[in-house]
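Here the structure is laid out as structure tokens; the discussion comes afterwards.
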Amino acid sequence: MEQTRGPDRLEENLAVVMMRVRRSVRAALREAAQSEGLSQNEIEVLLFLAKGGYDTARDISRQRGMPRSLVSKSVDLLLKRGYLQASPDARDRRVARLRLLPPAQATVDRLVLAKEAFFSQLCRGITREEAEAFYSMVGKLTRNLNECPLADEPEEPKG
């Protein structure tokens with residue numbers, strides 16, 4: 001893909017690159033989980049929980065930008081597979097705390113390795129200085145995004 005130069009083209013180039021990265025990493029993850037027949041949303045839920053720090057469907061929806069209905073459906077399917085356990089929160093019984101169960105570990109390990117391999121290949125040839133400039137830019141984009149009023153509201157699927 002040839003990049004168009006100039007500040008007026010930054011928006012277009014950034015959008016195209018982000019879409020291609022997202023599509024490509026998703027394809028790599030689907031391939032890694034092919035034998036389990038997991039959906040993309042189930043893969044996202046497993047990787048999110050494996051990362052740690054958050055453990056509710058609401059967390060997943062907000063942090064991953066996934067509609068709550070899709071997260072709930074994926075969590076239900078993963079519970080049925082025996083990949084997750086849901087326990088009521090000690091303070092708020094309406095909240096279910098999610099955790100990965102041992103049957104999910106081999107799949108999660110495969111997904112993590114596939115993701116690492118993809119990003120290792122993607123970042124091949126990038127210098128430390130280029131990486132630092134990128135992190136600086138991402139930090140600014142994130143701060144700007146946090147100021148956008150509806151930036152974190154995941155879209156519910158139509159129909």
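Heavy-atom basis, side chains included; hydrogens, waters and symmetry copies ignored. On a predicted model such as this, the values are computed, not experimentally measured, just so you know.
Checked for salt-bridge contact, D92 and R94 meet the test: a charged N lies under 4.0 Å from a carboxylate O.
Side chain of D109 to backbone of A106: no donor-acceptor contact under 3.5 angstrom is found. Side-chain atoms of R99 do not come within 3.5 Å of backbone N or O of Q85 as any donor-acceptor pair. In this structure, the side chain of S74 engages the main chain of L70 through a donor-acceptor pair within 3.5 Å. Looking only at distances, a side-chain donor or acceptor of E130 sits under 3.5 Å from a matching main-chain atom of T127.
In this structure, L145 and T142 have side chains that are not in contact, with every pair of non-hydrogen atoms separated by 4.5 Å or more. Residues Q34 and R30 have side chains not in contact (no heavy-atom distance under 4.5 Å, counting atoms from C-beta outward).
Counting heavy atoms of neighbouring residues, nucleotides and ligands inside a 6.0 Å radius, atom CD of E31 does not exceed 12 of them. Residue F134 places its CZ atom among 12 or fewer non-hydrogen atoms of other residues, nucleotides or ligands, all under 6.0 Å distant. Counting heavy atoms of neighbouring residues, nucleotides and ligands inside a 6.0 Å radius, atom CD of Q121 does not exceed 12 of them. Environment of CZ in R58: sparse, with no more than 12 heavy atoms of neighbouring residues, nucleotides or ligands closer than 6.0 Å.
Nearest heavy-atom pair across A86 and L98 is CB-CD2, 3.8 Å. The shortest non-hydrogen separation linking A104 to L46 is CB-CD2, 4.3 Å. Considering every non-hydrogen atom in both L111 and A33, the closest pair reads CD2-CB, 3.9 Å.
The ring pair (Phe, Tyr, Trp, His ring centres under 6.0 Å) check on Y54 picks up F48, with sequence neighbours excluded. By the ring pair (Phe, Tyr, Trp, His ring centres under 6.0 Å) test, F118 is found to be paired with no residue, residues two or more places apart in sequence or in another chain being considered. In this structure, the side-chain contact (heavy atoms from CB on, under 4.5 Å) partners of A131, at least two apart in sequence or on a different chain, are I126, Y135. Residues that satisfy the side-chain contact (heavy atoms from CB on, under 4.5 Å) test with K140, not counting sequence neighbours, are S136, R143. Every residue meeting the side-chain contact (heavy atoms from CB on, under 4.5 Å) condition with R81, not counting sequence neighbours, appears here in chain and number order: E36, L38, E42, L78, Y83. Taking the side-chain contact (heavy atoms from CB on, under 4.5 Å) definition, one finds that A50 meets it with L100, V108, sequence neighbours left out.
Expressed to the nearest 0.5 Å, how far NZ of K73 lies from OG of S39 amounts to 7.5 Å. The CG atom of N41 lies 11.0 Å from the OG atom of S72; values are rounded to the nearest 0.5 Å. For the atom pair CZ of R110 and CD1 of I43, the computed distance is 10.5 Å after rounding to the nearest 0.5 Å. Interatomic distance, OG of S120 versus CG of L113, reported as 11.5 Å (0.5 Å rounding). With values rounded to the nearest 0.5 angstrom, L49 atom CG is found 11.5 Å from R97 atom CZ. Between the OG atom in S24 and the CE atom in M19 there is a gap of 12.0 Å [rounded to 0.5 Å].
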